[in-house]
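Positions are given from 1 along the sequence. For ligands, and for the atoms within them, numbers begin at 1 and follow the listed sequence.
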Amino acid sequence: MAKKRLVLTFPPEVVERPVVAMMVKEYDVITNILRAEIHEGEIGRMLVELEGDAKRIREGVKHLKDLGVQVEDAITDIERTEELCIDCGACTAVCLTKALKVGAPDWELQLDKDRCILCGLCVDACPLQLITVKF
Ligand code: SF4
Ligand code: SF4
């Protein structure tokens with residue numbers, strides 16, 4: 001049995017397809033959705049853990065890519081250097097799950113790890129390179 005954690009990004013034309021059911025039915029791969037942010041007609045992102053035969057996982061992932069789903073290895077955590085942050089909000093613009101927010105009352109950057117799907121998009125968005133990932 002193999003296990004793999006992946007971040008799946010669904011373009012709007014695929015966002016309503018039952019890809020998780022497909023992985024289970026067609027590839028016999030157990031698919032646990034750990035976190036998801038999906039809205040009808042918009043780009044959706046999902047952190048999943050796949051469990052099954054390694055070859056079947058590879059085949060299932062290839063099928064997802066053929067459907068237009070972007071597939072990336074998930075990171076395990078993100079870290080930020082809070083004391084150097086200037087609260088510019090650049091990282092919040094790329095965070096689809098709103099795990100990163102700058103707002104009232106103090107207008108300081110807040111990171112809600114429960115909402116974070118560990119996609120790593122915020123890393124490149126920070127002009128001061130204050131966000132790093134752990135694999
Ligand atoms: S990794 Fe960064 S951009 Fe992705 S969900 Fe977490 S906080 Fe948001
Ligand atoms: S982009 Fe960097 S400096 Fe700006 S709010 Fe985010 S972590 Fe802070």
Looking at Q129, I want to see if its CD is surrounded by more than 12 non-hydrogen atoms of other residues, nucleotides or ligands under 6.0 Å.
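Open: at most 12 neighbouring heavy atoms sit under 6.0 Å from CD of Q129.
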
Within 6.0 Å of NZ in K55, more than 12 heavy atoms from elsewhere:
no

What is the nearest protein non-hydrogen atom to [atom], stated with its residue, atom name and distance?
| atom | value |
| --- | --- |
| atom 6 (Fe) of ligand 2 | C91 SG, 2.3 Å |
| atom 7 (S) of ligand 2 | L109 CD2, 3.7 Å |
| atom 2 (Fe) of ligand 2 | C126 SG, 2.4 Å |
| atom 4 (Fe) of ligand 2 | C88 SG, 2.3 Å |

Is T92 touching ligand 2 with its side chain, its backbone, both, or neither, if touching means heavy atoms under 4.0 Å apart?
neither

Please name the residue in the list L111, L100, L121, I117 that meets the side chain to side chain contact (heavy atoms under 4.5 Å, CB included) test with C95.
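With C95 as partner, L111, L100, L121, I117 yield a single side chain to side chain contact (heavy atoms under 4.5 Å, CB included), made by L100.
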
Side chain K4, main chain A54, donor-acceptor under 3.5 Å
no

Using a 3.5 Å distance criterion without hydrogens, assess whether the side chain of T97 forms a donor-acceptor pair with backbone atoms of E37.
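Absent.
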
Within the 2.8 Å cut-off the protein N, O or S neighbours of atom 4 (Fe) of ligand 1 are C119 SG

Quick check on the hydrophobic clustering: are L109 and V133 connected, directly or via other members, by side-chain heavy-atom contacts under 4.5 Å?
yes

Counting only heavy atoms, tell me which of G89, P127, A93 gets closest to atom 5 (S) of ligand 2.
G89

Side chains of K3 and R5, heavy atoms from C-beta outward: is any pair under 4.5 Å?
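No. Closest side-chain heavy atoms not under 4.5 Å.
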
Here the atoms of ligand 2 under 4.0 Å from any heavy atom belonging to I86 are 3 (S)

Look at D112 together with K98 and state whether they make a salt bridge at an N to O cut-off of under 4.0 Å.
no

So, are E59 and R56 salt-bridged, with charged N and O less than 4.0 Å apart?
yes

Partner residues of R45 under the side chain to side chain donor-acceptor pair (under 3.5 Å) criterion, sequence neighbours left out
T9

Is atom 4 (Fe) of ligand 2 less than 2.8 Å from at least one N/O/S atom of C85?
no

